[in-house]
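Read the structure below first, then the notes.
Letters A, B, ... mirror the listed sequences (proteins, then strands); counts begin at 1. Predicted model only: the values in this text are computed from it and were never measured.
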Number of protein chains: 2
Amino acid sequence: MSTRNHTRQMLIETTAKLLQNQGYNATGLNQITQLSGAPKGSLYYHFPEGKEQLACEAVSHTKNVTLANLRSVLDSKADATQAVQELLMVLAEQVDRENAELGIPIGVIAHETAGSNENIRKACCGVYNAWIGEFENKFVACGYAPEEAKEIAVSINALIEGSMIMCLTQRDSAPIRTAAKLVPRLLQP
Amino acid sequence: MSTRNHTRQMLIETTAKLLQNQGYNATGLNQITQLSGAPKGSLYYHFPEGKEQLACEAVSHTKNVTLANLRSVLDSKADATQAVQELLMVLAEQVDRENAELGIPIGVIAHETAGSNENIRKACCGVYNAWIGEFENKFVACGYAPEEAKEIAVSINALIEGSMIMCLTQRDSAPIRTAAKLVPRLLQP
DNA sequence: GTCTATAGCGGGATAGAC
DNA sequence: GTCTATCCCGCTATAGAC
C-alpha cells in the first residue's frame, strides 16, 4: 500500500518537474519513468488513462505546492504592496540562481494545451484561479474593496506570468525586477 | 525566382500560423507542407537546416507583421494611456471572436524553447524587444522620461502577455479587459 | 526546383509473464 | 503490483529520380 503510494507520488512529482521545464509535448513517458525510477508498466497501472491523466495530476500537485509557497510569502509582510514585492524578489532570485533550467510552474503546459486538451486546460485554469484567489484574499485582508481586490489580483498574476516568460526568454531577471518597481502603482488605492 | 520566393513565403507564413496556435513541438513538418501546399522536398531545398531554421524565419516574419500592427494601433490615439487601452481592446475582441483557435503570436514557442533552443530563443527575444521598443517610443513621444518609459514598456508588455495566457486558459476575455482597466495606474506620471 | 519513398528514431500505448 | 517486450504511429531528415 505504501509502495503503491510512493511510486505514484514519485511519478507525479517527476512529471511536475519535467512539465515545468520542458512542457507537455516535449516530455516523454520514457523520460518520466526513467527519471522517477519507476517502470513503464507501473505507470499505466497507476494512471490507466496514460499521459493526460498523469499530467492533470501533476498540475494539481503543482497547484498545492505553489499555493502553499505563495501563501507563506504573502503572509510574511503585513502590507499588500510589500508582500507582492517580496514575492517578485523571491522570483527574481530564482531566475538569477537557476537561469537556464528554470521554469514557470505551469506556464508552458497551460500555453501548449489551452487549445488542444480540455482536461489539462481546466486543470491549469484551476491553478491560476487558486493563485488569483490567494492574492485576492490578501488584498481584501489589507482593506481593499472586494471588486478592486479581484481586479488587481488578476492583473498582478498576469504581470508575474508575463514577466517570468520574458525573464526566461531573455535569460535575465530584469523584467521581474522592473515589475516589482511598478507594483505600488497597481496597488495604490 | 518568383516561384522560389512564393513557395518560401508560403512555408514561412504557414509555419508562423501553426507555431502561434500549437507551438513548436506540436507542429510537424508534414502538417506544414500539407497546409502550405508545398512538397516536403522543397522544404529542405529552401530551408536546408530544417525545422529550426524554418521556425526562426517564421518568428522573424511574425515580428514584422505584429510590429506593423502594434505601431498602427498605438498611433491611432495621441494619448499614451488611451493608445494602450485601445490595443488591449483590440486583443480582447480577438479573444472573443476566435476563442479556441486563438494564439499569442510567439508566446508558446518562446516558452517552449527558452530552455532548449538558443537560436529560437534569441529570435523570440528579438520580438519581445521590438515590441517593448515600440511601447517605449510611444511613451517617450508622450513626454515620459526615457528611463520611466522603458520600465513601463517592459511591464505593459508583460501584463499583456500574461493576461493573454490567462484569456486562453480560461477561454474568456475578462483578464485582458481587467488589465485595460488598470492601465491608467501603470501609466500615471 | 520538385517530388516520392524511405530510413531511423522516439513517441504513447498494450499484452502478458511473473 | 511490477517488469519486459513489442506494436504502431508520427516525427525529422535524407536519397535519388525526374
Side-chain angles (χ1 to χ4, degrees), chain A residues 1-19 21-59 108-109 112-113 115-121 123, chain B residues 1-19 21-59 108-109 112-113 115-121 123:
Chain A
M1 236 349 165
S2 101
T3 307
R4 173 192 170 109
N5 289 337
H6 177 260
T7 300
R8 224 188 112 88
Q9 197 57 24
M10 278 301 294
L11 284 167
I12 289 177
E13 286 174 21
T14 304
T15 303
K17 178 182 287 188
L18 289 173
L19 288 181
N21 294 329
Q22 309 178 337
Y24 186 73
N25 294 311
T27 299
L29 258 29
N30 292 320
Q31 193 183 9
I32 292 173
T33 48
Q34 280 166 23
L35 226 95
S36 67
K40 193 185 269 192
S42 91
L43 189 154
Y44 278 92
Y45 169 77
H46 291 291
F47 306 92
E49 288 160 51
K51 190 181 183 181
E52 181 180 344
Q53 183 190 0
L54 179 51
C56 284
E57 301 215 23
V59 168
V108 197
I109 186 172
E112 280 177 300
T113 62
S116 59
N117 188 310
E118 273 297 283
N119 288 329
I120 300 180
R121 199 204 106 230
Chain B
M1 235 350 164
S2 100
T3 307
R4 172 190 170 111
N5 289 338
H6 177 260
T7 300
R8 226 189 109 88
Q9 197 58 23
M10 276 302 294
L11 284 167
I12 289 177
E13 287 174 21
T14 304
T15 304
K17 178 181 287 187
L18 290 172
L19 288 181
N21 294 330
Q22 310 178 336
Y24 186 72
N25 294 311
T27 300
L29 258 28
N30 292 321
Q31 192 182 11
I32 292 173
T33 49
Q34 280 166 24
L35 226 95
S36 67
K40 192 184 272 191
S42 91
L43 189 154
Y44 278 93
Y45 170 77
H46 291 291
F47 305 93
E49 287 160 51
K51 189 181 183 180
E52 180 180 346
Q53 183 191 359
L54 179 53
C56 284
E57 301 215 24
V59 168
V108 198
I109 184 171
E112 281 177 300
T113 61
S116 59
N117 188 310
E118 272 298 284
N119 288 328
I120 301 180
R121 198 202 106 232

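Contact record, A:N117 with A:I120: OD1-N, 3.1 Å, taken as the closest heavy-atom pair. Annotation for B:T7 and B:A38: closest pair CG2-CB, 3.9 Å, computed over non-hydrogen atoms.
One finds the CG atom of B:L11 at 6.5 Å from the NE2 atom of B:H46 (value rounded to the nearest 0.5 Å). One finds the CD1 atom of A:I32 at 10.5 Å from the NZ atom of A:K40 (value rounded to the nearest 0.5 Å). Note that the CG atom of B:L35 and the CG atom of B:N30 stand 12.0 Å from one another [nearest 0.5 Å]. Between B:L43 atom CG and B:Q53 atom CD the span is 9.5 Å, to the nearest 0.5 Å. Considering CD of A:E112 and CD of B:Q22, their distance stands at 11.0 Å, rounded to 0.5 Å.
For A:P39, counting side-chain heavy atoms from C-beta on, the closest listed nucleotide (D:dT4, D:dT12, C:dG12) is D:dT4.
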All N/O pairs under 3.5 Å across the protein-nucleotides 14-16 of chain D interface:
none

Distances under 3.5 Å between protein N/O atoms and the N/O atoms of nucleotides 7-9 of chain D, please, pair by pair.
none

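Separating the CD atom of B:Q53 from the P atom of D:dT12 is a distance of 15 Å, rounded to the nearest angstrom. For the pair B:H6 NE2 and C:dG1 P, the computed distance is 15 Å after rounding to whole Å. What separates NE2 of B:H46 from C1' of C:dG1 is a distance of 7 Å, to the nearest Å. Spacing between atom CD1 of A:I32 and atom C1' of C:dA13 amounts to 14 Å, rounded to whole angstrom units. In this structure, B:L11 places its CG atom 13 Å from P of D:dT12, rounding to the nearest Å. Atom CG in B:N25 sits roughly 12 Å away from atom P in C:dG12 (whole-Å rounding). Separating the CG atom of B:L18 from the P atom of D:dG10 is a distance of 17 Å, rounded to the nearest angstrom. Across the protein-nucleic acid pair, A:Y24 atom OH and C:dG12 atom C1' stand 9 Å apart, rounded to whole Å.
Side-chain contact check for B:I12 versus B:F47: some heavy-atom pair is nearer than 4.5 Å.
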- Message: Is there a side chain to side chain contact (heavy atoms under 4.5 Å, CB included) between B:E52 and B:N119? Walk through the geometry before answering.
- Response: CA-CA 8 Å; B:E52 180 180 346; B:N119 288 328; 2.5 Å; yes
- Message: For a side chain to side chain contact (heavy atoms under 4.5 Å, CB included) check, start with the C-alpha distance between A:E57 and A:R8, then their side-chain angles and the critical distance, and finish with the verdict.
- Response: CA-CA 10 Å; A:E57 301 215 23; A:R8 224 188 112 88; 2.4 Å; yes
- Item | side chain to side chain contact (heavy atoms under 4.5 Å, CB included) between B:Y44 and B:L54, worked out | CA-CA 9 Å; B:Y44 278 93; B:L54 179 53; over 6 Å; no
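Rounded to 10 degrees, the angle separating the terminal helix axes of the helix from C:dG1-D:dC18 to C:dC18-D:dG1, each built from five base pairs, is 10°.
Geometrically, A:K51 engages A:Y24 in a cation-pi contact, judged by NZ or CZ lying under 6.0 Å from the ring centre and within 45° of the ring axis.
Counting any heavy atom pair closer than 4.0 Å across all strands shown, A:T33 reaches no nucleic acid atom.
OP1 or OP2 of C:dG11 lies within a sub-4.0 Å distance of a side-chain N or O belonging to A:N30. Residue B:Y45 places none of its side-chain N or O atoms closer than 4.0 Å to OP1 or OP2 of C:dT2. Applying the 4.0 Å criterion to OP1 and OP2 of C:dG1, one finds that B:T7 has every side-chain N and O outside that range.
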